[in-house]
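Predicted model only: the values in this text are computed from it and were never measured. All residue numbers in this chain count up from 1 along the given sequence.
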Amino acid sequence: MSQATAGTTVGSATHCPYCALQCGMYVAKGEITPREDIPANAGGLCQKGWTAAELLTSPERLTTPLLHGSPVSWDEALDYVATRIEAIRAAHGPDAVAVFGGGGLTNEKAYQLGKFARVALRTSQIDYNGRFCMSSAASAVNRAFGMDRGLPFPITDIARAGAVLFAGGNVAETMPPFVRHLSAMRSAGGRLVVVDPRVTQTAKMADLHLQVTPGTDLALALGLLHIAIADGYADLDYLAARTTGFEEVRTSVAAWWPERVERVTGVPVAQMREAVRILGEAERAMVLTGRGAEQHAKGTDTVTAFVNLALTLGLPGREGSGYGCVTGQGNGQGGREHGQKADQLPGYRKIDDPAAREHVAAVWGIDPADLPGPGRSAYELLDALGTPEGPKALLLFGSNPVVSAPRAGHVARRLDALDLLVVSDFVLSETAAMADVVLPTTQWAEEAGTMTNLEGRVLLRRQAAAPPPGARSDLEILRGLAERLGCGEKFPADPRTVFDELRRASAGGVADYSGITYERIAAETGVFWPCPGTVKDGTVKDGTVKDGTGNDGAVDDSIGNDGAGDDPHPGTPRPFLDRFATPDGRARLVPVEHRPPAEDVDEEFPLYLTSGRVLAHYQSGAQTRRIRPLTQASPEVFVELHPDLAERLGVAPGDRVRVRSRRGAAEGVARVNTSIRPDTLFMPFHWEGVNLLTNPALDPMSRMPEFKVCAAAIERCAEDGERVA
């Protein structure tokens with residue numbers, strides 16, 4: 001499996017540092033070679049993957065801790081951080097120190113970060129940037145299915161479907177190797193329906209594109225469900241046998257007749273009917289959602305409406321069919337399973353569940369009463385920083401909120417108000433540049449650990465290169481701080497040791513990893529959770545649950561430590577085939593209602609602004625904007641607008657334009673084309689400035705900000721000496 005290559009420190013089989021496909025690759029002497037044995041990419045890579053090794057030798061790498069901008073030793077930096085933490089806690093209490101993590105951290109780091117916050121710091125104030133990724137989908141599918149796993153089926157199942165409806169995703173640019181599965185589906189005669197306000201590269205390959213008005217995906221889903229019921233596509237036998245709540249949902253969508261939905265969404269009735277026919281007549285079909293449908297103040301209800309559509313058609317829990325969320329961040333799935341989220345403990349346990357607290361506290365060797373309760377969600381945490389009632393210190397790992405958070409100018413001011421800001425990063429990101437202390441960390445190819453990709457497959461990221469002298473892993477950083485806070489023995493720095501503890505902490509939980517080992521992952525090229533093991537006397541062994549299904553997550557602790565006579569649990573590629581993870585095994589249909597965007601257009605701000613990713617860059621761009629071929633491919637922020645709008649404004653392609661919202665202004669280069677609606681602007685969010693404009697209105701359940709739509713205005717920037725009205 002390792003296929004060690006001359007010039008590498010350790011076996012070089014690893015995974016891409018970017019999106020949730022976690023494409024398999026080999027790294028040797030700074031060269032990238034795609035792996036054929038990982039089904040997600042099966043030998044393919046995108047431009048970002050091919051150039052990923054360039055960052056390993058970037059001249060912008062950090063290798064020395066910085067204290068107030070000056071190089072210092074590791075001891076001096078860690079001593080300073082620990083001393084300041086102790087002083088702030090003594091003055092203001094444990095919740096005065098906060099932790100902010102990232103969806104790109106390995107499972108081991110995410111687990112250790114959550115443990116560090118609650119054991120070493122005893123703070124409830126921890127959340128992570130994954131709250132900005134797919135939290136609305138997580139809330140919706142937990143409500144519907146009792147378990148949140150992005151794709152509850154292997155990604156290769158997509159090729160077997162006869163139809164796919166994809167709402168709010170542009171995988172042709174955000175994760176190009178994903179396209180191979182859609183292309184295989186279409187080559188076999190399947191049909192693709194894409195919902196998006198823009199004619200994206202993904203929409204161009206679709207058989208049918210529903211060009212929805214920004215902020216109206218929920219109304220569209222209600223209309224599609226209305227048509228599915230009215231036109232006889234509801235699978236009544238499936239609904240009776242495997243679900244609850246259909247009659248209430250049927251009643252709730254009765255008012256969403258197609259003509260009304262067309263007025264709200266701009267999607268023609270004929271196209272809606274065709275989309276339902278494509279899904280309803282396929283032998284196997286899937287409904288998928290991405291950030292475009294989810295990053296709204298009504299994102300949970302929007303996803304719920306698409307889940308209701310899938311359930312009404314009888315798709316989830318059938319092999320080759322179902323509902324799935326296409327996770328964005330590299331470890332967006334695993335990153336939220338093991339405790340860096342404000343309301344969760346390892347194994348996807350709820351932090352306010354007494355049984356969960358008792359189990360995890362026993363693994364951590366503390367009293368359950370010493371575990372803090374739920375804390376603030378990501379934006380609420382950032383918004384509270386430096387306020388009289390909020391945290392006075394922040395430790396930040398794997399995130400760049402100065403670029404990536406909504407209302408980013410306000411977030412920067414809140415960071416500036418802190419008594420202590422500590423950032424662990426391997427480059428001087430925009431957020432790190434503001435920090436009191438910057439701790440230089442290792443990056444993806446320089447350390448080992450596990451990642452969980454968008455299909456729930458736990459993968460092994462092997463070390464493929466030696467880190468530069470002076471850089472330390474996040475696990476080493478946490479151990480160093482814990483030692484200074486008097487609990488270093490609880491925080492090992494070896495990833496395998498941390499993973500073995502994670503297995504024990506997750507045992508019996510919804511996301512049960514207890515039967516997964518590094519050896520199994522390597523031998524099987526990944527293991528799907530839940531994968532229970534046997535537990536006795538606090539030790540986990542590979543084993544099997546008594547019923548062999550793994551669906552209930554129950555661990556058979558009656559089996560001895562040697563597990564003799566038991567085959568290891570095989571993992572669970574398709575967890576809902578027999579039952580859903582709800583108490584009665586049935587999926588829940590939940591009535592939801594459409595509502596306008598939190599901030600609709602008006603006379604002053606007459607346009608919808610939406611944002612997203614482009615092919616060459618990833619997330620806040622802190623990594624990709626430092627890779628020469630990627631910056632050459634996409635060097636600066638742009639504003640996409642329709643030719644009719646450009647003509648009214650006197651804007652020509654290449655002009656600099658200024659986009660304003662109620663929160664600020666940002667400039668970019670005009671791109672004029674017909675792929676955008678005349679009432680809509682698009683800007684990529686990989687550069688500082690775009691999220692100065694976005695709306696921090698939060699979904700009431702998921703606490704997801706409304707990234708994907710806000711009211712905006714645009715004007716051409718004046719050239720030297722020119723006046724623009």
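Side-chain contact, Gln333 with Arg336: a donor N or O sits under 3.5 Å from an acceptor N or O. With hydrogens and angles left out, the side-chain atoms of Asp127 and Ser377 include no donor and acceptor closer than 3.5 Å. Using modelled atom types, one finds a donor on one side chain and an acceptor on the other under 3.5 Å when comparing Ser702 with Ser136. No side-chain donor from either of Asp699 and His296 sits under 3.5 Å from a side-chain acceptor of the other. The closest side-chain donor-acceptor pair between Asp196 and Asn170, if any, does not fall under 3.5 angstrom. Looking at Asn107 and Thr452, their side chains do bring a donor and an acceptor atom within 3.5 Å of each other.
Not a single donor-acceptor pair under 3.5 Å links the side chain of Arg407 to the backbone N or O of Leu692. When atom types are taken as modelled, the side chain of Arg357 and the backbone of Asp352 share no donor-acceptor pair closer than 3.5 angstrom. Within the 3.5 Å criterion, the main-chain N or O of Pro346 finds no donor-acceptor partner in the side chain of Lys115. Between the Gln443 side chain and the Leu55 main chain, a donor and an acceptor come within less than 3.5 Å of each other. Listed for the Arg149 side chain is no donor-acceptor partner under 3.5 Å among the backbone atoms of Phe528. Between the Lys490 side chain and the Arg479 main chain, no donor and acceptor come within less than 3.5 Å of each other. The backbone N or O of Ser124 lies less than 3.5 Å from a partner atom in the side chain of Asp95, making a donor-acceptor pair.
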(message) Quick one, Asp416 with Arg413, criterion salt bridge (charged side-chain N to carboxylate O under 4.0 Å, His left out). Give me CA distance, side-chain angles, the key distance, then yes/no.
(response) CA-CA 5 Å; Asp416 195 48; Arg413 290 189 290 274; over 6 Å; no

(message) One pair to check against salt bridge (charged side-chain N to carboxylate O under 4.0 Å, His left out): Arg613 and Glu173. What are the steps and the verdict?
(response) CA-CA 7 Å; Arg613 285 165 53 186; Glu173 291 197 73; over 6 Å; no

(request) Applying side chain to side chain contact (heavy atoms under 4.5 Å, CB included), run through Leu698 and Met704 and close with a yes or a no. (result) CA-CA 5 Å; Leu698 300 180; Met704 166 74 83; over 6 Å; no

(message) Determine whether Lys48 and Leu630 satisfy the following criterion, side chain to side chain contact (heavy atoms under 4.5 Å, CB included), listing intermediate values before the conclusion.
(response) CA-CA 7 Å; Lys48 293 184 289 291; Leu630 301 182; 4.2 Å; yes

(request) Given side chain to side chain contact (heavy atoms under 4.5 Å, CB included), test Arg472 with Leu439 step by step and report yes or no. (result) CA-CA 8 Å; Arg472 294 187 181 182; Leu439 303 175; over 6 Å; no

(message) Run the side chain to side chain contact (heavy atoms under 4.5 Å, CB included) test on Ile521 and Thr450 for me, step by step, so that the C-alpha distance in whole Å, both residues' side-chain angles and the decisive distance to 0.1 Å come before the verdict.
(response) CA-CA 9 Å; Ile521 299 170; Thr450 59; 3.8 Å; yes

(message) Let's go through Asp301 and Arg143 carefully: what are the C-alpha distance in whole Å and the side-chain angles of both, what is the deciding distance for salt bridge (charged side-chain N to carboxylate O under 4.0 Å, His left out) to 0.1 Å, and is it a yes or a no?
(response) CA-CA 10 Å; Asp301 285 351; Arg143 182 164 67 175; 3.3 Å; yes

(request) Carefully, step by step, assess Arg625 and Glu688 under the rule salt bridge (charged side-chain N to carboxylate O under 4.0 Å, His left out). (result) CA-CA 11 Å; Arg625 284 187 281 111; Glu688 189 174 8; over 6 Å; no

(request) Would you check, one step at a time, whether the test side-chain hydrogen bond (donor to acceptor under 3.5 Å, both in side chains) holds for Thr302 with Asp217? (result) CA-CA 7 Å; Thr302 300; Asp217 303 78; over 6 Å; no

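Nearest heavy atom pair, residue Tyr379 against residue Pro406, reads CE1-O, 3.5 Å. For the residue pair Gly398 and Asn129, the shortest heavy atom distance occurs at O-ND2, 3.5 Å. Taking each heavy atom of Thr300 and Ala140 in turn, the nearest pair found is O-CB, 3.6 Å. Here the shortest heavy-atom pairing between Met134 and Arg291 reads CB-NH2, 3.8 Å. The two residues Ser661 and Leu693 make their nearest non-hydrogen contact at OG-O, 2.8 Å. Residues Asp512 and Ala507 come closest through the heavy atom pair OD1-CA, 3.6 Å.
Note that CG of Asn331 is 8.0 Å distant from CZ of Arg461, once rounded to the nearest 0.5 Å. How far CG of Leu151 is from CG of Asn453: 8.0 Å, rounded to the nearest 0.5 Å. Here OG1 of Thr441 is found 8.5 Å from CD of Glu446. Values are rounded to the nearest 0.5 Å. Between atom CG of residue Asn41 and atom NE2 of residue His181 there is a gap of 8.0 Å, rounded to the nearest 0.5 Å. Taking CD of Gln329 as the reference point, atom CG of Leu454 lies at 13.0 Å (rounded to 0.5 Å). Atom NE2 of His359 and atom OG of Ser506 lie 7.0 Å apart (nearest 0.5 Å).
Screening Tyr111, Trp364, Phe116 for a ring pair (Phe, Tyr, Trp, His ring centres under 6.0 Å) with Phe491, the sole residue that qualifies is Phe116. Partner of Gln125 under the side-chain contact (heavy atoms from CB on, under 4.5 Å) criterion, chosen from Leu385, Leu381, Val97: Leu381.
Classification of Lys109 and Glu447 as a salt-bridged pair holds, one side-chain N sitting under 4.0 Å from a carboxylate O. Between Lys350 and Asp343 there is a salt bridge, since at least one side-chain N of the basic residue sits less than 4.0 Å from a carboxylate O of the acidic one. Checked for salt-bridge contact, Lys708 and Glu294 miss the test: no charged N lies under 4.0 Å from a carboxylate O.
Ring geometry for Phe576 versus Phe580: interplanar angle of 30 to 60°, hence tilted.
Using a 4.5 Å heavy-atom threshold, the side chains of Leu394 and Leu420 count as separate. When side chains are defined from C-beta on, Trp444 does not count as touching His15, because their heavy atoms never get closer than 4.5 Å. Considering only heavy atoms from C-beta on, Leu478 comes within 4.5 Å of Phe397 through its side chain. Cys710 is listed as a side-chain neighbour of Arg663, based on a closest heavy-atom distance under 4.5 Å. A 4.5 Å side-chain heavy-atom check between Asp474 and Leu105 finds at least one atom pair inside the cut-off. Between Arg376 and Pro391 the shortest side-chain heavy-atom distance falls below 4.5 Å. In this structure, Phe685 and Thr694 have side chains that are not in contact, with every pair of non-hydrogen atoms separated by 4.5 Å or more. Side-chain contact between Tyr18 and Met175 is absent, with no heavy atoms from C-beta onward closer than 4.5 Å.
Here Tyr513 and His338 bring their ring centres to under 6.0 angstrom of each other. Proximity of the aromatic rings of Phe100 and Tyr128 is defined here by a centroid distance below 6.0 angstrom, and this criterion is not met.
The number of heavy-atom neighbours closer than 6.0 Å to CZ of Arg122, taken from other residues, nucleotides and ligands shown, is 12 or below.
A cation-pi contact links Arg198 to Phe682, judged by a cut-off of 6.0 Å to the six-membered ring centre and 45° from its axis.
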